[in-house]
Amino acid sequence: MTTEKTLNEQWETLVQKLKKDFSLPMQLDIDKVLYLIGIQELGKPHETFSKEDKINLIHIATCCVLVPFGYYFFEYRDKEGWPFYRRTKDHLSLSEKEQHTLLKEAILYYFRNIDYLS
């Protein structure tokens, strides 16, 4: 685990890089970054999504980034290409702050793993 200060510095580096590379004018919080990951994982970047789809994309991304941490494993893709994951460990029993920290660490790991961050 990284220190909170280091984690926040790395998070800010990621957010600034995403904003610059994708010309994003808005502030990026965890849910917005997860939404971007969800679109990437679904592989349909030019589609328009309903509110329900956007929620599902955030869920997909949450599962995806937590796979390396042992909380989920990938099961299959349905006929429309949506991935499905099975939970293997309960991260919801963590405190809100612990969940927030875990997600930040998992998101940073995801972007390092795809060589977006060094």
Side-chain angles (χ1 to χ4, degrees):
M1 285 234 171
T2 57
T3 67
E4 188 171 343
K5 180 181 178 197
T6 303
L7 179 65
N8 288 333
E9 289 169 354
Q10 292 171 355
W11 179 258
E12 191 56 36
T13 299
L14 170 64
V15 166
Q16 292 308 314
K17 183 169 174 46
L18 287 169
K19 286 175 70 171
K20 178 179 170 260
D21 291 351
F22 295 98
S23 301
L24 300 171
M26 80 287 273
Q27 290 296 92
L28 291 178
D29 59 14
I30 286 179
D31 283 342
K32 289 177 183 147
V33 174
L34 286 170
Y35 174 70
L36 293 173
I37 293 170
I39 291 171
Q40 170 74 18
E41 291 301 311
L42 183 59
K44 298 180 181 181
H46 303 292
E47 226 175 90
T48 302
F49 298 103
S50 69
K51 184 176 182 175
E52 182 179 343
D53 285 343
K54 289 176 182 178
I55 291 167
N56 288 334
L57 287 166
I58 292 169
H59 176 70
I60 286 169
T62 301
C63 296
C64 174
V65 301
L66 291 177
V67 164
F69 292 74
Y71 288 92
Y72 290 90
F73 74 88
F74 175 77
E75 282 199 310
Y76 65 94
R77 286 189 182 268
D78 69 12
K79 62 184 177 190
E80 287 87 32
W82 287 79
F84 284 82
Y85 294 85
R86 179 180 305 242
R87 186 172 27 184
T88 56
K89 220 162 61 169
D90 184 20
H91 62 88
L92 300 175
S93 64
L94 300 172
S95 72
E96 188 174 332
K97 183 178 180 181
E98 290 168 328
Q99 286 183 44
H100 194 259
T101 299
L102 173 64
L103 281 173
K104 275 187 174 180
E105 288 178 343
I107 290 167
L108 288 164
Y109 180 84
Y110 173 88
F111 280 107
R112 280 191 215 98
N113 200 42
I114 62 168
D115 293 326
Y116 186 74
L117 287 176
S118 51

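Counting begins at 1 with the first residue of the sequence. Quick caveat, the model's predicted, so the values are computed rather than measured.
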Give the minimum heavy-atom separation between [X] and [Y], together with the two atoms involved.
X     : Y     : value
Tyr35 : Phe49 : OH-CD1, 3.7 Å
Cys64 : Pro68 : O-CD, 3.6 Å
Arg77 : Pro83 : NH1-CD, 3.5 Å

Quick one: does [X]'s side chain get under 4.5 Å of [Y]'s, heavy atoms only?
X      : Y     : answer
Met26  : Leu28 : yes
Tyr110 : Leu66 : no
Leu92  : Arg87 : yes
Val33  : Ile30 : no
Thr62  : Tyr71 : no
Leu108 : Thr13 : no
Leu36  : Gln40 : no

Sidechain-backbone polar pair: Glu41 side chain, Ala61 backbone, donor-acceptor under 3.5 Å: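 Not confirmed, Glu41 side chain does not pair with Ala61 backbone.
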
How many angstroms lie between atom [atom1] of [X] and atom [atom2] of [Y], to the nearest 0.5 angstrom?
X      : Y      : atom1 : atom2 : result
Leu34  : Asp31  : CG    : CG    : 6.0 Å
Leu18  : Ile37  : CG    : CD1   : 8.0 Å
Gln16  : Asp21  : CD    : CG    : 11.0 Å
His91  : Cys63  : NE2   : SG    : 7.0 Å
His100 : Leu102 : NE2   : CG    : 11.0 Å
Asp29  : Trp11  : CG    : CH2   : 8.0 Å

Is there a continuous path of hydrophobic side-chain contacts, each under 4.5 Å between heavy atoms, that joins Val65 to Ile55? no

Applying a strict under-4.5 Å side-chain criterion to I, L, V, M, F, W and Y, I'd like to know whether Tyr109 and Phe73 cluster together. no

Only counting residues at least two apart or in another chain, list the ones meeting side-chain contact (heavy atoms from CB on, under 4.5 Å) with Asn8. Glu4, Lys104

Crowding at [atom1], [X] (>12 non-hydrogen neighbours, <6.0 Å):
X     : atom1 : result
Glu52 : CD    : no
Gln27 : CD    : no
Glu75 : CD    : yes

Hey, what's the ring geometry for Tyr85 with Tyr72, parallel, tilted or perpendicular (30° and 60° as the breaks)?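 Ring orientation of Tyr85 relative to Tyr72: perpendicular.
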
